[in-house]
Amino acid sequence: MRVLAVEDEPDLLNSLMKALREDGYAVDGAPDGDEGLFKAESYDYDAIVLDIMLPGIDGWELLRRLRQTKKTPVLMLTARDAVRDRVRGLDTGADDYLVKPFELAELLARLRALIRRAASQAESRLKIGDVVIDTAARTVMRRGEEIVLTAREYTLLEYLALHRGKLVTRTTLYDHLFDENDSTLSNLLDVHVFNLRKKLGHDFITTRRGHGYCIESTP
Ligand code: CA
C-alpha cells in the first residue's frame, strides 16, 4: 500500500511518514499543496493524508481539483474542531477527517478502514481458502497457525488479497508497494512472491501469462 502525506509542519510530516513506514506502507511526502496535488495526480495512491491549511493551494483546493479526475481515498487533517470544516471536507469529497492533535494509532486505524472500503471490503479479516489475513492486527494464519511474514511480504499479500480474483500487474504492484525513495531492483518482487509461495503454498498466488499475479477468489 502506498500513501501520500501532505503536511507543512516538518515535525508532523516526519513523524507521520515514519509511523506509516513502520506500519508497512510505502510513503511519499509533500510539504505544500502544489507538490501534493502534483503527486496525487501523478501516482495512484491507496490513500492520501491531507492537511487543510497549507502553503500554496490549500487542502480544500487540492481535494477539489483531485476529485475532478481521481477517487483516491482522502483522510483530512483539521486543526480546528469546527463542524463547518468537517462538513465542508466531507462535501468536497473527503472520505474521513481527523482533528489535530490526534493519536497516530487512530490515524493508522482510519487509514486501514478507508483502504478496505475503497476495495469494497467491510471486514478487517480476509479469508481465502485456509488462510486468514487480519488486516487490523496485520497477522496471517493458516490452518490455525501464524505465518510469519516480513513487512514487504505482508503488504504484497494484503494488496493481492484485497484485489483477489483480479489480475494485478507488476507495474501496479511497483506503484503501490514502493515509494519514490525505494531504489528496488525489479527482481525483488519475484523474491517476495517466491517467499510467499513457500510460506502459503505454491498455488496460493498464480502468475498470469507473465504480466502479473493473482490470488484466485475462492467461494
Ligand atoms: Ca498546516
Side-chain angles (χ1 to χ4, degrees), residues 1-119 121 124 135-136 138 151-152 155 158-159 162 174-183:
M1 300 295 164
R2 184 173 177 184
V3 172
L4 172 66
V6 189
E7 168 60 63
D8 59 316
E9 290 164 47
D11 289 349
L12 181 55
L13 180 60
N14 284 338
S15 60
L16 258 177
M17 291 178 73
K18 186 164 172 278
L20 288 163
R21 286 216 174 93
E22 282 171 1
D23 219 32
Y25 293 96
V27 189
D28 294 337
D32 60 58
D34 297 276
E35 188 175 329
L37 180 63
F38 174 76
K39 286 182 176 171
E41 289 181 328
S42 305
Y43 303 104
D44 282 328
Y45 291 103
D46 295 288
I48 298 172
V49 179
L50 178 62
D51 188 27
I52 290 178
M53 304 306 283
L54 293 167
I57 62 167
D58 65 12
W60 305 123
E61 183 60 14
L62 192 162
L63 181 60
R64 193 187 65 76
R65 293 201 213 167
L66 180 69
R67 281 291 174 261
Q68 293 173 355
T69 52
K70 288 197 172 190
K71 291 182 190 162
T72 316
V74 170
L75 172 64
M76 290 201 99
L77 303 179
T78 163
R80 293 162 292 179
D81 187 9
V83 175
R84 201 161 46 102
D85 267 8
R86 305 203 295 264
V87 170
R88 184 174 169 194
L90 296 171
D91 279 347
T92 312
D95 300 272
D96 201 0
Y97 64 87
L98 206 49
V99 177
K100 290 180 178 177
F102 52 83
E103 295 288 331
L104 282 171
E106 183 177 3
L107 180 130
L108 295 172
R110 283 171 182 262
L111 266 190
R112 284 194 291 269
L114 275 190
I115 291 169
R116 276 203 310 274
R117 250 188 278 153
Q121 199 77 52
S124 62
T135 61
R138 302 178 67 82
R152 270 289 146 75
T155 48
E158 188 188 78
Y159 194 87
L162 283 172
Y174 279 113
D175 285 349
H176 290 267
L177 298 186
F178 304 109
D179 57 50
E180 56 191 2
N181 296 319
D182 273 316
S183 56

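Just the heavy atoms: all of them, side chains too, but no hydrogens, waters or symmetry mates, feed the values below. Quantities reported herein were computed from a predicted structural model and do not represent experimental measurements. When a ligand or atom number is given, it counts from 1 through the structure's own listing order.
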Original post:
Closest heavy-atom contact between D51 and L77?
Top reply: OD1-O, 3.4 Å

Subject >> Shortest non-hydrogen contact from D179 toward R2 >> reply: CA-NE, 3.9 Å

**OP:** Please name all residues satisfying ring pair (Phe, Tyr, Trp, His ring centres under 6.0 Å) with Y159, sequence neighbours left out, ordered by chain then number.
**Re:** H163, H176

Original post:
Side chains of D28 and Y45: is there a donor and an acceptor less than 3.5 Å apart?
Top reply: yes

Subject >> Note: K100-E7 ion pair, threshold 4.0 Å (strictly below) >> reply: yes

Subject >> Minimum-distance pair of heavy atoms, taken over all atoms of R110 and L98 >> reply: NE-CD1, 3.3 Å

Original post:
the Ca ion (ligand 1): which protein N, O or S atoms are under 3.0 Å away?
Top reply: D8 OD1, D51 OD2, M53 O

